[in-house]
Amino acid sequence: MSKIIAKVIVDNRASKTDKPYTYAVKKDMEEDLKQGMRVLVPFGMGNRFIKGIVIETERYSGDIFKLKYIEELLDDRPIISEEILELGLWMREKYLSSYLDALHAVMPPGDIKEITTYIYMKNRPSSETYSLSHIQKNIINLLNKNEKISFKELKEKIKDNNIRKHIKKLEEIGILETDLEVGTKVGKRYEKYIDLKDNNIKLEELISEIDNRAFKQKEIIEYLYMHGETPLKKLLKEVNTSHGVIKSLEKKNRIAIIEREVLRNPIPKGILNYEKHRLTEKQQYCLDEILNCIKENKENKFLIHGVTGSGKTEIYLQLIEKLIEKGKEAIVLVPEISLTPQTVERFVGRFGQNVAVLHSRLSAGERFDEWRRIKRGEVKIVVGARSAVFAPFNNLGIIIIDEEHENSYKSSMNPKYNAIEVAEKRCELEGAALVLGTATPSIETYYRAKNGEIKLLTLLDRINNKKLPIMNIVDMRDELNSGNKSILSTDLYNAIEENLKDKKQTILFLNRRGYSTFISCRKCGYIAKCKNCDISLTYHFSDNKLKCHYCGMIDTPPRICPKCGSKYIKYFGSGTQRVEDLIKKLFPQAKVARMDVDTTSRKGSHEKILQNVKNGNIDILIGTQMITKGLDFPLVTLVGIIAADTSLNLPDFRSSERTFQLLTQVGGRAGRGDFEGQVIVQTYNPKHFSIQMAKEHNYTQFYNKEILLRREFKYPPYMEIISLVIYGRDKGKVSEVSKEVYGKIILELRKNKLEKLEKDIFGPNPAPLEKLKNNHRWQIIFKSDKGDSSMLKDIINRVCIYNSQSKKYKGIKFSIDVNPNSIL
DNA sequence: AGCACGCCGACT
DNA sequence: GTCGGCGTGCTC
């Protein structure tokens, strides 16, 4: 006779136990057990019970006497859908992470061990309980005594094998409701609600009982009689009174105070309605194309390549509107940094309470609440950073990824997933459409669009026929030759001055924060470096400290050189702080603001600066990366890029692409209002094609050139790259282990007849960032064709997992990154 | 992570 | 002869 067995991933932080364990399923559990449920299983010699997640169930006709039995079900239904579970398992394979890490990413936020299923009474049963079985009546009786009861407790009290069926039945007829809660660590928020004690007494009667002098009490009673149950806060406001009145009514036993749990809603209050715009002809065409393709099942992946200011957001909004009308749900991914009110406002302003927002600044409790709102179907749209791609919708219609080229879509933690690839996979699994949008598509995406894998839609014009800004390139070598040693070229200086006179706004962009980027001794050449990271320290003027931008270490700047004792310590290089300083000196009358990690670390400071720019309280805004993301300031007419070469000179295969994107995106901030914009780009490489093509706003030509280089030097999209970093405290051991791992991988490749891959393995070498946070780092880079990559991954995984347990490699860790953002 | 097993030295 | 310290390896 065949039995059911289940594959379980145990929640045990040890890489050796990170594999599916097979458990037998007791007969009475067979029907209830589903993949995606949490279970309690006996594990190890001592058979201690640990929690695990069922990833698969199957029929099995062989012997099962060797297997242990699942002890208990912890959920009455799967906490994640089949598709999402599959997505998690797919991620594990694709990005070489552990089962547990992959599942954590797709499960509800927080500690999945601490989740409890609760059962509530939704509506008390009416008199016709005769249709209910006595077990069902027992359940109701239990709930009459308690407000809620955990699934576990209910099982203990009602000893019945079909308990889940009974719950389901009661839920169907609207008596019960189930809900998930995270354990102790995350508190719930309650709010007081006020209602009349007895709703059956007539108003006149109630009023007559109240002392004639108590006007406010009467008012409250009247209000409650008219409106029914009201939140305390609202009641006080509406009746314009204070707590005392409520207190005395409570004493007289005329009103009831009810505590109800409120879901935290992190969406800021008071967002104005965001009016629907009429689409331009091009926008409309774009929208219709997408809708038609979805309708006719032709295509379901789209790239909207629209220049900055071409109105992509309005297309997203109307697209979502149409899909919601059809009962579908939508996920919108935006780069973390632009999850400031600007983007959120547009979605909330259009769809109101139908929107949930997920971003990194939410507390654990807020995050869990949002997750539940989505799961329960209370919202139709999620706007969020990369992890929002896992939002637990059941009827997903579309995933929109704005600013598709942004590197924040790639996770730096395990699983090191790329939200774009995950979104694509999820869309395939759930039959949803994928829409990518950007002014500067990533080379990989555009390549696929050109090959017809993704449908390309192009918007070449800004809305209202606004012109793209004029890009002027300034050769800083000429400046130097003509005696200008300042970080501002004459052209940029003049333009700022002019702009100030015209009462227009200016944005200055510099990719480095801090004051000076390194300090050095002029006598002996000593450079101040971080003792944990082997990276030069940045001088921060405001607190007179040296900071490491990688590990956060803070040090006091030396007065005399620690190496040779000379006094000739000099500060080199410029960061945003220094630019701010200089601008304030040069234009004392201007109102200047700086926006980088250092000025926006406090909650709300980001918004404040942006608000000030919007209101026109700022003349010149100086900032890093942060200011490139989709900001829309109509009064900005001049953008100055202080040093375009910073990103160009990085030894990374994406540096040209980054530079082009940066110039285009930053430049795109200019001239979005009624005035034409101008961009001044300062560089030592004016002839570089990234800069030249950005100047001409010519993406296609940039792409054509870059794609040839990618093919020539075997980089994505032609090849898949895997970066393996071996790191640890002990320098000698790291290099030793790296070499050994390399040897083992080569050996395995030969065993598997994959010698041809050997020539595309680079290393082991010290990583470009050789020491970070006290860890020495070595790196091996693998390049392979898409077809061979899964075999290669398998081998890398085997070798590394195997070794990570070995005594010999104690204190050594492996970091595997599939298709990394950069190979630094 | 736990837990048992086994090898080895110390102690009854 | 056996008790326990610790290194090693396995957990369906």
Side-chain angles (χ1 to χ4, degrees), chain A residues 1-75 78-80 82 85-86 88-89 92-93 96-105 107 110-115 182-185 413-415 727-730 733 736-737 740-741 744 794 797-816:
Chain A
M1 201 183 76
S2 76
K3 301 222 171 190
I4 300 279
I5 53 167
K7 300 262 165 76
V8 176
I9 302 301
V10 294
D11 196 350
N12 192 346
R13 284 263 153 228
S15 54
K16 272 240 163 160
T17 60
D18 191 70
K19 59 183 177 194
Y21 286 91
T22 311
Y23 280 88
V25 180
K26 290 177 195 153
K27 259 263 129 358
D28 59 15
M29 226 181 249
E30 280 190 357
E31 207 176 319
D32 289 350
L33 186 78
K34 298 263 154 41
Q35 51 179 212
M37 277 184 177
R38 294 170 312 140
V39 289
L40 206 60
V41 290
F43 196 71
M45 321 267 173
N47 276 337
R48 80 206 151 86
F49 289 117
I50 59 172
K51 291 178 182 177
I53 299 144
V54 178
I55 56 161
E56 207 184 319
T57 59
E58 62 183 68
R59 286 218 160 263
Y60 182 71
S61 46
D63 282 331
I64 59 160
F65 62 88
K66 272 189 258 165
L67 301 181
K68 291 180 186 175
Y69 281 87
I70 289 177
E71 175 69 16
E72 193 182 341
L73 301 182
L74 295 173
D75 301 303
I79 47 178
I80 49 169
E82 234 173 89
L85 177 63
E86 197 179 333
L89 297 173
R92 184 195 76 92
E93 271 184 43
L96 293 178
S97 82
S98 66
Y99 275 100
L100 221 49
D101 283 336
L103 289 176
H104 259 289
M107 291 271 195
D111 190 349
I112 48 177
K113 274 187 279 194
E114 301 298 326
I115 295 168
V182 236
T184 46
K185 267 172 263 169
M413 288 188 306
N414 278 327
Y727 64 99
R729 295 280 138 106
D730 185 337
K733 208 164 175 183
E736 190 188 313
V737 170
E740 198 173 314
V741 164
K744 280 187 178 162
D794 221 43
N797 207 18
R798 266 211 310 277
V799 171
C800 292
I801 292 290
Y802 180 76
N803 283 339
S804 66
Q805 280 315 104
S806 152
K807 273 284 115 39
K808 212 165 131 199
Y809 299 149
K810 216 178 155 193
I812 301 289
K813 286 190 179 131
F814 299 93
S815 162
I816 308 170

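Letters A, B, ... are given to chains in the order of the sequence lines, protein chains preceding strands, and every chain is numbered from 1.
- The nearest whole Å value for the distance from the CZ atom in Arg48(A) to the P atom in dA1(B) is 11 Å.
- Between Ile80(A) and Met107(A), the closest side-chain pair of non-hydrogen atoms falls below 4.5 Å.
- Nucleic acid contact class of Phe43(A) (heavy atoms, under 4.0 Å, all strands): base.
- Counting to the nearest Å, the C1' atom of dC10(C) and the NZ atom of Lys66(A) are 16 Å from each other.
- Atom NZ in Lys51(A) sits roughly 16 Å away from atom C1' in dA1(B) (whole-Å rounding).
- Remark: P of dC10(C) and OH of Tyr21(A) are 11 Å apart, rounded to the nearest angstrom.
- To the nearest angstrom, C1' of dA1(B) lies 16 Å from CG of Asn47(A).
- Applying the side chain to side chain donor-acceptor pair (under 3.5 Å) criterion to Asp75(A), with sequence neighbours excluded, gives Arg38(A), Thr117(A).
- The salt bridge (charged side-chain N to carboxylate O under 4.0 Å, His left out) search around Glu56(A) returns none, not counting sequence neighbours.
- Protein atom NZ of Lys19(A) is 17 Å distant from nucleotide atom P of dA1(B), rounded to whole Å.
- Here the P atom of nucleotide dG2(B) and the CZ atom of Phe49(A) are 16 Å apart, to the nearest Å.
- No side-chain heavy atom of Lys26(A) sits under 4.5 Å from any side-chain heavy atom of Lys3(A).
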